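This report refers to the structure that appears directly beneath it.
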Amino acid sequence: QARWTELPARSHLDFGRPARVPVDAAVAAPFKTGIRDPGQLREAWADLYGKTQTLRDPSGAEVMLSDQVVNHWLENPKRLDGRERYLPLLREVIEQPFEIWANFARNEAGKIGVRRYYVKVVEAGDGKALTLVAEVLPGGVWGSFDFFRGSRPQPRSRQGLLVWGRPTE
């Protein structure tokens, strides 16, 4: 439950990665609107991923998606802030990211752990882009999914050890 903060580490530049993540066409379409109704949100998750689903990323690692994240969101209605619209895109962020990073993070109690970050930027319509970041906890369990409007780099997610990166020209 404690808030985690990434520890400073080597950046994308140290690995010869581009300053900007290229914008990809989205494979899946986001939901048209956010989902505030608990039953509809559980149904949408089940339609996409079942109760649990294990995905394999390009590095060969497995990531387990669980409906426990939906339960976590429903504990506090403020967590339904629009990100649920992008649940259909989660599969492609894991299976077809631009980069996968591993980095140490420290929580408020001083405990240190390792997190993996999956980074991808997709077209969001109207000429706009959406940066998607999936965070995976130790043991390959999906922990969170954030989105940032625009294609501005997210330096906290692109630091540490580059586990895998799509080739660049």
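All heavy atoms count here, side chains included; hydrogens, waters and symmetry mates do not. No experiment lies behind these values; they were computed from the predicted model shown.
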* To do: Could you give me the CA-CA distance, side-chain angles and deciding distance for L55 and L65, then say whether side chain to side chain contact (heavy atoms under 4.5 Å, CB included) is met?
  => CA-CA 8 Å; L55 305 177; L65 306 181; 3.6 Å; yes
* Given side chain to side chain contact (heavy atoms under 4.5 Å, CB included), test F98 with T168 step by step and report yes or no. => CA-CA 10 Å; F98 178 68; T168 58; 3.7 Å; yes
* To do: Check the pair L13, R17 against side chain to side chain contact (heavy atoms under 4.5 Å, CB included), reporting the backbone distance first and the verdict last.
  => CA-CA 5 Å; L13 298 174; R17 302 298 292 172; over 6 Å; no
* Applying side-chain hydrogen bond (donor to acceptor under 3.5 Å, both in side chains), run through R91 and Q53 and close with a yes or a no. => CA-CA 10 Å; R91 175 182 299 279; Q53 186 166 125; 2.3 Å; yes
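Taking the charged nitrogens against the carboxylate oxygens, E62 and R56 do have a contact shorter than 4.0 Å, which makes a salt bridge. A salt bridge links D146 with R156: the closest approach of a Lys/Arg side-chain nitrogen to an acidic carboxylate oxygen falls below 4.0 angstrom.
Separation of the W164 and Y118 ring centroids does not fall under the 6.0 Å cut-off.
Atom CD of Q159 is separated from atom CH2 of W101 by 8.5 Å, given to the nearest 0.5 angstrom. A distance of 11.0 Å separates OG in S157 from CG in L132, rounded to the nearest 0.5 Å. Annotation: the span from L89 atom CG to I94 atom CD1 amounts to 12.0 Å, rounded to 0.5 Å.
L137 and V69 fall into different hydrophobic clusters, defined by Ile, Leu, Val, Met, Phe, Trp and Tyr side-chain heavy atoms under 4.5 Å apart, directly or through other members. Cluster membership check: Y49 shares its hydrophobic cluster with F145, using side-chain heavy-atom separations under 4.5 Å among Ile, Leu, Val, Met, Phe, Trp and Tyr. Grouping the Ile, Leu, Val, Met, Phe, Trp and Tyr side chains by contacts below 4.5 angstrom, directly or via other members, places L80 apart from F148. Y117 and F147 fall into different hydrophobic clusters, where Ile, Leu, Val, Met, Phe, Trp and Tyr side chains are chained together by heavy-atom contacts under 4.5 Å.
Annotation for R36: atom CZ counts as buried by contact number, over 12 foreign heavy atoms lying within 6.0 Å.
S11 places none of its side-chain heavy atoms less than 4.5 Å from the side chain of P155.
In terms of heavy-atom proximity, L87 sits nearest to W45 at CD2-CZ3, 3.8 Å. Nearest heavy atoms, A61 versus R116: CB-NH1, 3.8 Å. The minimum heavy-atom distance linking A28 with P88 is given by the pair CB-O, 3.3 Å. Looking at every heavy atom in both residues, G150 comes nearest to T131 through O-OG1, 2.8 Å.
Judged by distance alone, the side chain of D67 and the main-chain N or O of V70 form no donor-acceptor pair under 3.5 Å.
No donor-acceptor contact under 3.5 angstrom links the side chains of E75 and W73, judged on distance only. Remark: the R42 side chain and the N71 side chain contain an N/O donor-acceptor pair separated by less than 3.5 Å.
Pairs of residues two or more places apart, or lying in two chains, that qualify as side chain to side chain donor-acceptor pair (under 3.5 Å) and include a residue from residues 133-145 are R115-E135, E135-S144.
Of the listed residues (E123, R166, E92), just one forms a side chain to side chain contact (heavy atoms under 4.5 Å, CB included) with D24, and that residue is R166.
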